[in-house]
Amino acid sequence: MKHSLSGIRLSALLAAVALSLALPACKPTPPAATTPDEPVAASQADQATQARAIAKDAYTWGFPIVESYKSMYAQAINTSGPDFHAPFNQIGSAASVATPKDTAIITPNSDTPYSFLWMDLRAEPVVITIPALGEKRYFSVQLIDMYTFNFAYINKALTQGKAGTYMIAGPDWKGEAPKGVDKVFQAETQFAYGLFRTQLFAPDDLANVKKLQAQFKAQPLSQFLGTAAPAPAAKIDFPAYDAAKANDLGFFSYLNFLLQFMPPNPADAELRKRFETIGIAPGKPFDEAALSPETRQALLDGIADADKDLQEFTATRINTEQVFSADLFGTRDALKGNNLYRFAGAKLGIYGNSGSEADYLSYFVDAKGAPLDASMHDYTLHFSKDALPPTNAFWSITMYDGKSKLLVDNPINRYLINSPMLPSLKRDADGGLTLYLQHASPGKDKESNWLPAPNGPFYAVLRNYSPASSVVDHSWKKPPLEVTR
């Protein structure tokens, strides 16, 4: 949704970018003819340089964590907010698909009504019960930890369309699967997210989806077993999420708060040790007021450096389709410590599916490599006869505003075109399919195939749920987006 991309297979991202995990100690030796003040000045400059480099790495590594907190706060904590769904360990369902009014998650999908489960696993595990959904309907429960790693899935491949019961445990839980539980999944963080997607076949299918959503159940393990509940976990004073603060040095305050619920993983040990040198540590207050002007600027410059790297990465790797979404989203093992990929995924469409679950191909530029802008051009997307996206479930192409990264308000309330709509789409004379991506109507005779764009920059995402092997191995290629005006 998310909803990542709500969510997203963002086509193409950098093959391998290694973030520096250590900086050399710098003890500059002053020239023979120096004043006493010069070595001190050199040392201060060197410290600022180191702080800038560490801040860049910390922002790259930590952005997905803080961005995920934005969703957790909106959906499970801020009870008076417009995006609140349910408190921790309870499922909240949206009995509709996403619209432009949904702003909690950038690049949401609008194919699958969502259900949301934020889990507090500190006191005890949570048990999820899934009803029988049948063989035809796509569904998945994407299990995401605080790093935004997709640590497991409950999906049709696991359930075969039958009912099932699954337990989600925190990092401190030990034991065997309790009686009545089909499988146990363990998160490495004390909070985790269960993002449910249930396919909507057509508008008149919404009542069926609502009935299925009502059968999803989440229970603390003690309630499931009918035993006494353990002592409750300590109450947490959650800080309100503020976008302006999160995009400034307040980012590090949020990160410190969240790290106390994320037991150190050996893979991050060296990195987290470096972060401590600029005041990043679990549960520790980040004292902006104590920073010198030079250090403050160095940390801000480090954040800017991380964003600059991402912009270059997007231009040179995403837009040129050299890396695929399977490299952006997945388990910790699958991502192999590539923090730039995780950063890019969170920036471009947090909570994207792992590549085996869904494929995302993005359109950020036209066939000639120019950025998409519907205030200047009209575009067409043409699929040759028998060359539609091959899928085991369904595909869709969704329009997004290039500035807000949200769905686009438009006069026909159409935010996507997907494979269930094929019977209502107009085919070309040769049997192919041409879609019109533009701001103004292409004309009444073509409106069935019109995907409205904003009057400005935009991008589109081609999603494929349960993609066929030719999509997974990249032998099937998406068609280019052609400029027609």
Result for side-chain contact (heavy atoms from CB on, under 4.5 Å) between Ser396 and one of Asn464, Val461, Asp111, Leu462 points to Asp111

Just so I know, are the side chains of [X] and [Y] near enough to count as touching, which here means a heavy-atom distance under 4.5 Å?
| X | Y | value |
| --- | --- | --- |
| Pro389 | Phe383 | yes |
| Gln142 | Arg197 | yes |
| Tyr166 | Val141 | no |
| Pro100 | Tyr415 | yes |
| Gln190 | Pro171 | yes |
| Ser93 | Phe116 | no |
| Thr112 | Thr198 | no |
| His382 | Pro479 | no |

query = In this structure, are over 12 heavy atoms from other groups packed under 6.0 Å from Gln160 atom CD?
reply = yes

Tell me whether the count of non-hydrogen atoms from other residues, nucleotides or ligands lying under 6.0 Å of NZ in Lys245 goes above 12. yes

Counting distance only, does the side-chain N/O of [X] pair as donor-acceptor with the main-chain N or O of [Y] below 3.5 Å?
| X | Y | value |
| --- | --- | --- |
| Asp401 | Asp409 | no |
| Asp268 | Arg272 | no |
| Tyr254 | Asp242 | yes |
| Arg332 | Phe149 | no |
| Asn410 | Arg414 | yes |
| Ser354 | Thr331 | no |
| Asp145 | Thr189 | no |
| Ser475 | Ser470 | yes |
| Gln199 | Tyr138 | yes |
| Asp428 | Gly431 | no |

Tell me the closest heavy-atom pair linking [X] and [Y], and the distance in Å.
| X | Y | value |
| --- | --- | --- |
| Trp450 | His439 | CZ2-O, 3.2 Å |
| Thr391 | Ala393 | OG1-N, 3.0 Å |
| Phe151 | Gln186 | CD1-O, 3.7 Å |
| Ala346 | Ile106 | O-CD1, 4.0 Å |
| Ile91 | Ala86 | C-CB, 3.9 Å |
| Leu225 | Pro178 | CD2-CB, 4.0 Å |

- Task: Report the C-alpha distance between Leu437 and Leu481 in whole Å, list the side-chain angles of each, state the deciding distance to 0.1 Å, and finish with yes or no for side-chain contact (heavy atoms from CB on, under 4.5 Å).
- Result: CA-CA 9 Å; Leu437 283 68; Leu481 199 56; 4.0 Å; yes

Exercise. Run the numbers on Leu388 and Ser419 for side-chain contact (heavy atoms from CB on, under 4.5 Å), then give the verdict.
Key: CA-CA 9 Å; Leu388 289 170; Ser419 52; over 6 Å; no

Tell me whether the rings of [X] and [Y] are parallel (<30°), tilted (30 to 60°) or perpendicular (>60°).
| X | Y | answer |
| --- | --- | --- |
| Tyr59 | Phe343 | perpendicular |
| Tyr459 | Tyr400 | parallel |
| Phe257 | Phe238 | perpendicular |

Between Tyr193 and Tyr351 (judged by ring centroids, cut-off 6.0 Å), do the two rings come close enough to count as a pair? yes

Using ring centroids (six-membered ring only for Trp), state whether Phe261 and Tyr69 fall under 6.0 Å. no

Step by step, would you call Tyr465 with Asn353 a side chain to side chain donor-acceptor pair (under 3.5 Å)?
CA-CA 9 Å; Tyr465 291 90; Asn353 276 298; 4.9 Å; no

Just how far is it from atom [atom1] of [X] to atom [atom2] of [Y], taken to the nearest 0.5 Å?
| X | Y | atom1 | atom2 | value |
| --- | --- | --- | --- | --- |
| Thr148 | Phe329 | OG1 | CZ | 8.0 Å |
| Met167 | Lys183 | CE | NZ | 13.0 Å |
| Ile397 | Arg463 | CD1 | CZ | 10.5 Å |
| Leu212 | Phe139 | CG | CZ | 10.0 Å |
| Glu188 | Met146 | CD | CE | 11.0 Å |
| Asn256 | Phe251 | CG | CZ | 10.0 Å |

Does either side chain, that of [X] or that of [Y], offer a donor lying less than 3.5 Å from an acceptor on the other one?
| X | Y | value |
| --- | --- | --- |
| Gln322 | Thr320 | yes |
| Tyr436 | Thr434 | no |
| Asn78 | Tyr241 | no |

- Chi angles and distances behind the side-chain contact (heavy atoms from CB on, under 4.5 Å) call for Leu451, Leu381: CA-CA 10 Å; Leu451 183 55; Leu381 186 63; over 6 Å; no

Open item on the list: Less than 4.0 angstrom from a charged side-chain N to a carboxylate O is my criterion; do Lys478 and Asp359 meet it?
Closed with: no

Does Asp307 pair with Lys347 as a salt bridge, N-O distance under 4.0 Å? yes

Contacts under 3.5 angstrom, residues 120-130 side chains, donor-acceptor by atom type, not counting sequence neighbours:
residue : atom : partner : partner atom : Å
Asp120  : OD1  : Arg122  : N            : 3.2
Asp120  : OD1  : Arg122  : NE           : 2.9
Asp120  : OD2  : Arg122  : NE           : 3.3
Asp120  : OD2  : Arg122  : NH2          : 2.8
Arg122  : NH1  : Ala234  : O            : 2.8
Arg122  : NH2  : Ala234  : O            : 3.1
Glu124  : OE1  : Leu221  : N            : 3.4
Glu124  : OE1  : Ser222  : N            : 2.8
Glu124  : OE1  : Ser222  : OG           : 3.1
Glu124  : OE2  : Ser222  : OG           : 3.0

Exactly one of Phe364, Tyr379, Tyr363 clears ring-ring contact (aromatic ring centres under 6.0 Å, His included) with Phe458, and that residue is Tyr379

Taken in chain and number order and not counting sequence neighbours, the residues that satisfy side-chain contact (heavy atoms from CB on, under 4.5 Å) with Asp205 are Arg137, Leu200, Phe201, Asn208, Val209

Those residues at least two apart in sequence (or on a different chain) that pass side-chain contact (heavy atoms from CB on, under 4.5 Å) with Ala58 are Phe252, Phe275, Ile280

